[in-house]
Amino acid sequence: MKKYNYFDIEKKWQNKWKKEKVFESNELLDKKKYYCLVMLPYPSGDLHMGHVRNYTIGDVVARFYRMQQKNVLHPMGWDAFGLPAENAAINNKIHPVKWIKQNIFRMKKQLQNLGFSYDWSREIKTCDPKYYKWNQWFFIKMWDRGLVFKKNAYVNWCKSCKTVLANEQISDNTCWRCNTNISRKKLNQWFLKITDYADELLNGHKQLSGWPKQVISMQKKWINKTYGMEISFTLSKINKKIKIFTTRPDTLFGVTFLVISPEHDFIDEIKSYIENYSEVEMYIHSNRNNILNKDKTGIKLNGISAINPLTNENIPIYTSDYVSVEHGTGIIMAVPAHDQRDWEFAKKFNIPIKEVIKSETNFVDISKCAYEDVGILINSWQFNGIKSDEAVNIISRWVEKKGVGKKVVKFKLKDWLVSRQRYWGTPIPMIHCKKCGIVAVSEKKLPVLLPEKINFVDGYGSLLQQNQNFINVKCPKCGIDAKRETDTMDTFIDSSWYYLRYCDINDNIVFDINKVNYWMPVDQYIGGIEHACMHLLYSRFWYKVIRDLGLVKHDEPFTNLLTQGMVTLNGTAMSKSKKNIISPDEMLKKYGADTTRLFILFAAPPKKQFNWTYCGLMGCWRFINRIWQLLDIVNNRSKKYVSTNNDDIIKKEKIKLLIAMHKTIKKVTEDIKKELQLNTAISCIMKLVNILYSYRYHSNDDGMSLKVYESVILLMAPFTPHVCEEIWEKLGHKKYISTYTWPTFDENIINESFVELPIQINGKLRGKITVSKNAKECDIKSVVGMDNKISIQLQNKKILKFIYIKNKIISIIAK
RNA sequence: GGGCGAAUGGCGAAAUAGGCAGACGCACAAGACUUAAAAUCUUGAGAUUUAUAAAAAUCAUGAGGGUUCAAGUCCCUCUUCGCCCACCA
């Protein structure tokens, strides 16, 4: 028996597909479109098994719908901006342009070797000026619509390199290059007003029935709409008010101090009143890594205090990093008796703890820990005795009546900080003019090109800031000397709309609206679960903005989403920095693309985490070889397989085989269509091949085995396309299997193995049931494990099926 | 600290809707072919006990309890692991 030569077969078909542009797509109006999108990779240099898994799932989907005669769009591109390229430039003295180019070259080759059915004519690179020009264009459109604003925000700062550090560039609280301790620095930064869309992003989830519940719930928690109150406290000695946010107005009488976030601009505003400001300032700029340090830190603002507007009590003000500037108003009223974090802070700084809610059932010792549950109000003036959950509303109304606060809705979702003090990204197309302020670059002047000549090695501070040619520019409004913005954009912007660019790659306009509206929305999006909140939320936001610009019709970009589980090695995620990458190259060399593809799908269900192992690889290899050998068997070239003249056996086996075939087609079709359960789909085909294999070939076969064999090849085509194309050709077909019609199943043939039987209870006919053919009619009286309850159900509900084993009915399923 | 998810043989995993737990594979064992090995083919197998001509009984889906004629699946309590986020007021 000849072994199958995967190397030649795979090369042959990859070249054919490429040459005849089998996977290039056009807007065909007579066919239903299907947009299958996989998350575009960062070109780090090598494909790892996580990529292989992601893209194989995507390719099976694309190939399946192509065979279902849909007009499929299946594109691929490169998320080419970002920090690693810049780090490579600094460390290895290689220019990001060159580094990215060679990485893409390598990875593209790997993708092509795997036989993915991409339309490469639509390939995009986000670092291409033809692409990022439109980032800038969108940015200006958003600026015009008031969705862009500037605000102070803190960054991690290295004093010695004079540069902003990303989390990735920090190890043990020190700079990756010079080991200097990092500190915090306030910078004026660019933001996008994603919070304007917070409500719509939340409500839009109703349209996303094709998304995993897990992702929806994660996004909901991320946006986190909360109802609370803003209450103004007056600062003693100063004629200023300080606004706090709380969700617990019922605890207003238990407030014993205020806490202001150390990053809050208000501290700057009142610094002349703070007696110990130099100490406070030191605290503000210190690097407080409260993730590792669970101990509460903070400092009292001496010389000022706040007055509770309702009780007129005078209370101290602290600053502490346990209060985030991003949430609420960035200032909280602390109720140590009823909030554990406040309690811990109060204990550390010896602040009084005032109990205002008592549990109705348990005795709670407030000196041991905070009581955060509901209860009865005490020490709360006229509100004593009211249940705390009711008091929330009662006190809210009272506060509003007094005119010192109002009910507000807040989101945890923060506005999107999009500026980066980096070189390798899209330049923000803004100009700073002394006379006119911030002026957008005119659309005609786009793109603002990223200069290529940069000194990476000796560079201090932001690399763009040193490039005088880039910085110096005339103001587009008044013409005087002005300075270009040197911040670049967050790379999440690149990936927020790339799926639209695939629909139409156009040098003159961002995209052709008609083409985009033909292909969008994406029918199936596939990518890692780690993008549940950031990328998948930013994209939704961006799409809604584009909709409001009148460029797209729909509200949501992705109809169905599959978040595939990670591929891990010994339980930890594969990453280049951890040096635990499994590259597909060796497997491709040893077993070929088809086996690699089959194995990664068969090893685990797509949604589940897959801890890497080679176990099972040989099984997939053997399976493909089996299919290959079957080609000879069905062509009756082999004498090895025994034939029998017993017509009865042949007939029985033929029916068995026919039913198995239809069942398999049904199962595989549904597994792919419904839940993308690709591992069980493959199992099912393997089972059918086992039955076909044991089926004794006979001259009376009537082409039965050929018929089953052809359907096996068709079913396998999305998974192992090369070998299937080759067999398909050898079977005498002229058309590509990749575009051939997917097999159909007949429900009647599947049901042929069942019969309908009457149900009798105590001798009376009670209805009919469907049972397997080898079951016998029986009297329910004799049934084990049955009581009156069931017989009552029988009268009310239809009986669909019952389970009949070893001459006993063990159960009835009623519906 | 918060959120989400998971736990089934030696291993990866199946199991519409509560209805024969372990499909399909891996690894393993025996046999066939072979000088031999590999490859391939055939067969076997959750565990334990009894029996060994077949077979039978009991125990088994992280732990403990509950609902049900029937629970991997539903409810309660707990344990462990993974992922995402970071004091969310």
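Computed over heavy atoms, backbone and side chain alike; hydrogens, waters and symmetry mates excluded. Note on naming: letters A, B, ... go to the chains in the order of the sequence lines (proteins, then strands), and numbering restarts at 1 for each one.
- With no hydrogens or angles considered, no side-chain donor-acceptor pair links Tyr538(A) and Ser495(A) at under 3.5 Å.
- Across the P atoms, U73(B) and U16(B) are found 13 Å apart, a figure rounded to whole Å.
- Of the possible donor and acceptor atoms, one in the side chain of Thr319(A) sits under 3.5 Å from a partner among the backbone N and O of Ile260(A).
- Closest contact between the side chain of Lys412(A) and the listed nucleotides C83(B), C85(B), C87(B) involves C85(B).
- Here the side chain of Thr251(A) pairs no donor or acceptor atom with the backbone of Val335(A) at under 3.5 angstrom.
- Side-chain rings of Phe602(A) and Phe623(A) stay apart, their centers remaining 6.0 Å or farther from each other.
- Taking a 6.0 Å sphere around CD of Gln340(A), one finds it holds more than 12 heavy atoms contributed by other residues, nucleotides or ligands.
- Separation of the P atoms belonging to C11(B) and G46(B) is 15 Å when rounded to the nearest angstrom.
- If you take atom C1' in G72(B) and the same atom in A13(B), they sit 14 Å apart, rounded to whole Å.
- When distances run from any side-chain atom of Pro605(A) to the nucleotides C4(B), A14(B), C85(B), the shortest one goes to A14(B).
- For the pair Arg53(A) and Phe610(A), the cation does not sit on the ring face, since its NZ or CZ is not both under 6.0 Å from the ring centre and inside 45° of the axis.
- Residue-level contact check: Val259(A) touches neither bases nor backbone, having no heavy atom under 4.0 Å from any strand.
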Symbol by symbol from the 5' end, with Watson-Crick or G-U pairs under 3.5 Å, [ ] crossing and | another strand, RNA chain B is (((((((..(((......[....))).(((((.......))))).(((((....)))))..(((((..]....))))))))))))....

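- Just one of Ile357(A), Leu377(A), Asn308(A), Ile395(A) meets the side chain to side chain contact (heavy atoms under 4.5 Å, CB included) condition when paired with Phe253(A); it is Ile395(A).
- Map Thr613(A) and Asp342(A) each onto its nearest nucleotide of RNA chain B; the residue landing nearer the 5' end is Thr613(A).
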Polar atom pairs between nucleotides 22-27 of chain B and protein, under 3.5 Å, N or O only, would you list them?
{"residue": "A23(B)", "atom": "O2'", "partner": "Lys687(A)", "partner atom": "NZ", "Å": "3.0"}
{"residue": "A23(B)", "atom": "N1", "partner": "Ser683(A)", "partner atom": "OG", "Å": "3.4"}
{"residue": "G25(B)", "atom": "OP1", "partner": "Asn690(A)", "partner atom": "OD1", "Å": "3.4"}
{"residue": "G25(B)", "atom": "OP1", "partner": "Asn690(A)", "partner atom": "ND2", "Å": "2.6"}
{"residue": "C26(B)", "atom": "OP1", "partner": "Arg622(A)", "partner atom": "NE", "Å": "3.2"}
{"residue": "C26(B)", "atom": "OP1", "partner": "Arg622(A)", "partner atom": "NH2", "Å": "2.7"}
{"residue": "C26(B)", "atom": "O2'", "partner": "Gly616(A)", "partner atom": "N", "Å": "3.2"}
{"residue": "A27(B)", "atom": "OP2", "partner": "Arg622(A)", "partner atom": "NH2", "Å": "2.9"}

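- In the set C85(B), A89(B), A13(B), A13(B) carries the atom at the smallest distance from any side-chain atom of Ala604(A).
- Rounded to an integer number of Å, the gap from NE2 of His327(A) to P of G2(B) is 16 Å.
- Glycosidic conformation of G9(B): syn, with the torsion inside 90° of 0.
- In this structure, Lys300(A) places its NZ atom where only 12 or fewer heavy-atom neighbours from other residues, nucleotides or ligands lie under 6.0 Å away.
- Each of Phe610(A) and Gly328(A) was matched to the nucleotide of RNA chain B holding its nearest heavy atom; the match closer to the 5' end belongs to Phe610(A).
- Between Trp612(A) and Phe599(A), a ring centre-to-centre spacing shorter than 6.0 Å is recorded.
- At least one donor-acceptor pair under 3.5 Å links the side chain of Gln219(A) to the backbone N or O of Ala532(A).
- Rounded to whole Å, the C1' atom of A32(B) lies 31 Å from the corresponding atom of A14(B).
- Residue contacts for Ala532(A): at a heavy-atom cut-off of 4.0 Å it reaches no nucleic acid atom on any strand shown.
- For Lys407(A), the NZ atom is densely surrounded, since the number of other residues' heavy atoms within 6.0 Å is greater than 12.
- Closest to the Tyr693(A) side chain, of the nucleotides C41(B), C85(B), A89(B), is C41(B).
- Residue Lys241(A) qualifies as open at atom NZ: its count of foreign heavy atoms under 6.0 Å is 12 or below.
- Rounded to whole Å, the C1' atom of A63(B) lies 12 Å from the corresponding atom of A7(B).
- Closest to the side chain of Gln609(A), out of A89(B), G82(B), G12(B), is G82(B).
- Counting heavy atoms from C-beta outward, Tyr591(A) and Ile624(A) have side chains that stay 4.5 Å or more apart.
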Tabulate protein N/O versus nucleotide N/O from nucleotides 7-10 of chain B, keeping only pairs under 3.5 Å, one per line.
none

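- Asp339(A) comes within 4.0 angstrom of nothing in the nucleic acid, heavy atoms only.
- Separating the P atom of U49(B) from that of U43(B) is a span of 29 Å, rounded to the nearest Å.
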